Amino acid sequence: MMLTVRAQSFAQWRKEARELLAAGVPPHAVQWSEALQSDDLFGAVEQPRQAYGAADAPATAPSATAPAAARMPRDMLRMLESAACFRAPDRYAFLYKIVWRWQLGQKEVLSPADEDGARLNAMVKTIRREEHKMHAYLRFRERPPAAGAPQFVAWFEPQHDVLPQVAEHFSRRMGHTTWMIGTPQATMLWDGSRVVPGPPVMQGPEDIADTGEAMWLTYYRSTYNPARLNVSVMQGHIANRYWKNMPEGALVPAMIAEAAAGAQRHGQTKTVGARTGVTIPISADDAQPKREQPSTLDQCRRCDLWRNATQAVPGVGSQSARIMLVGEQPGDQEDLADTPFIGPAGQVLDEAFAQSGLGRDTVYLTNAVKHFKWEPRGKRRLHKTPAQMEVSACSYWLEEELASIGPQVVVALGGTALKAILGNPKATLGDRIGTPFQHEGRWIVVVYHPSYILRVPDAEAKARAMEVLVEGFRVAEKLANEAV
Ligand code: URA
């Protein structure tokens with residue numbers, strides 16, 4: 001007998017899947033449906049479903065029957081939850097196949113080397129990327145105060161069902177400011193203390209009250225310099241589906257035209273240039289295209305650190321690493337060699353790799369800030385801690401790395417890395433060191449920065465800090481192994 005089971009959310013799927021597994025119902029005997037009950041032909045009333053019983057298992061059940069529903073590791077659940085956001089007609093059937101195989105002891109079903117595992121991992125990666133795009137390109141517009149809550153609204157058309165987790169992301173960043181995010185499928189509302197599903201009032205961007213939009217456009221027009229406009233970067237990096245819902249997208253054709261006509265000779269737009277006062281001719285350097293959304297790290301001009309650095313230092317390591325190590329910023333040697341952690345701090349890291357047994361070649365190694373910040377001291381370039389706005393500007397790249405690598409565990413090497421990973425400038429090492437915790441679906445392990453270990457004068461304190469680093473690596477590896 002073929003069972004038809006409804007699931008319209010991960011929570012529903014999970015509940016049904018648990019019962020099906022316990023009753024030993026194999027994937028080929030279940031048809032999953034996402035249809036609303038009200039979509040039923042002639043509005044037929046569905047009979048309340050009894051718990052699945054042995055009778056639901058087909059007579060031709062495979063000889064390998066599932067054991068009573070075993071507890072799934074949390075990381076596996078998280079993968080399934082992510083994959084459930086992937087819009088595919090067979091998503092719930094596929095997820096059931098995954099858990100069925102896993103219950104049979106086929107743990108390789110989670111591995112990219114397995115055919116189903118490869119699809120699962122690709123789905124998870126796509127979802128992480130979609131979340132990242134939505135974080136980067138979603139634009140809130142302010143509503144008139146008289147309109148009451150929500151104070152801000154945003155419209156976005158995601159390709160997958162990532163709205164709930166994106167709403168959580170913004171709720172952590174916007175304090176008590178109320179907002180609503182609309183998509184063609186659903187709306188979410190932040191009332192200042194909770195995220196709740198919003199009313200389906202937003203049919204499209206035209207529903208958005210536009211005083212905020214007018215303000216945004218004025219701001220954007222006055223800060224954007226067409227002389228610096230790099231058309232191919234601007235159009236190539238951000239797909240049309242994002243541009244069309246970004247207020248500044250409406251300005252782009254006119255700005256391109258202005259840039260092409262060479263209309264802009266000064267370091268600001270017409271509006272600003274029309275103001276009386278001193279005209280400042282721009283230098284050849286400043287005339288370089290401004291890349292608000294750079295297509296490559298090397299072209300990044302999101303802050304000014306690029307000016308004094310030799311180059312941007314990208315992360316290195318396996319694209320499917322399960323552990324990502326995040327440092328602060330490249331040092332003098334890293335800046336010259338274009339590789340993270342090859343100088344003195346890298347040697348401390350190597351020692352920790354050796355003591356913990358974690359392989360440097362198995363992890364992905366990067367920094368919160370990708371350009372070397374320094375000040376001259378005689379002939380030396382002395383490390384300078386990056387400012388919070390530099391860390392925030394560079395979080396664009398860290399988020400992109402997190403989305404594309406998709407590590408299960410992230411090791412924060414020191415306070416700057418921790419702030420960048422959490423997107424919280426107030427986060428401190430003292431609160432977090434030594435106790436792994438979950439953040440946005442992955443484990444975070446916090447340890448001392450290797451440079452701190454180098455600097456500690458007291459031998460005993462140095463040894464203790466090193467032990468924290470080594471233990472952190474061991475814990476990271478254990479958590480990553482449990483996740484598979
Ligand atoms: N310190 C860091 O944080 N990163 C490096 O790459 C080198 C030193």
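Everything quoted here is computed from the prediction, not taken from an experiment. All ligand and atom numbering here is 1-based and tracks the order in the structure.
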### Any pair counted as ring-ring contact (aromatic ring centres under 6.0 Å, His included), so long as it reaches residues 345-369, sequence neighbours left out
F353-F473

### Query
Counting N and O atoms only, with roles assigned by atom type, does the side chain of E399 sit under 3.5 Å from a partner on the main chain of Y396, one being a donor and the other an acceptor?
no

### Task
Taking atom CD of E460 as the centre, report whether more than 12 heavy atoms of other residues, nucleotides or ligands fall under 6.0 Å from it.
no

### Message
Less than 6.0 angstrom from the centroid, inside 45 degrees of the normal: does R141 satisfy that with respect to the ring of F152?
### Response
no

### Query
So which of R381, K370, K373 actually passes salt bridge (Lys or Arg N to Asp or Glu O under 4.0 Å) with D335?
R381

### Task
Assess the side chains of S111 and D114: does a donor N or O sit below 3.5 Å from an acceptor N or O?
no

### Task
Write down, by chain and number, every protein residue that brings a non-hydrogen atom to less than 4.0 Å from an atom of ligand 1.
G327, E328, Q329, P330, G331, E334, P340, F341, A345, N367, H449

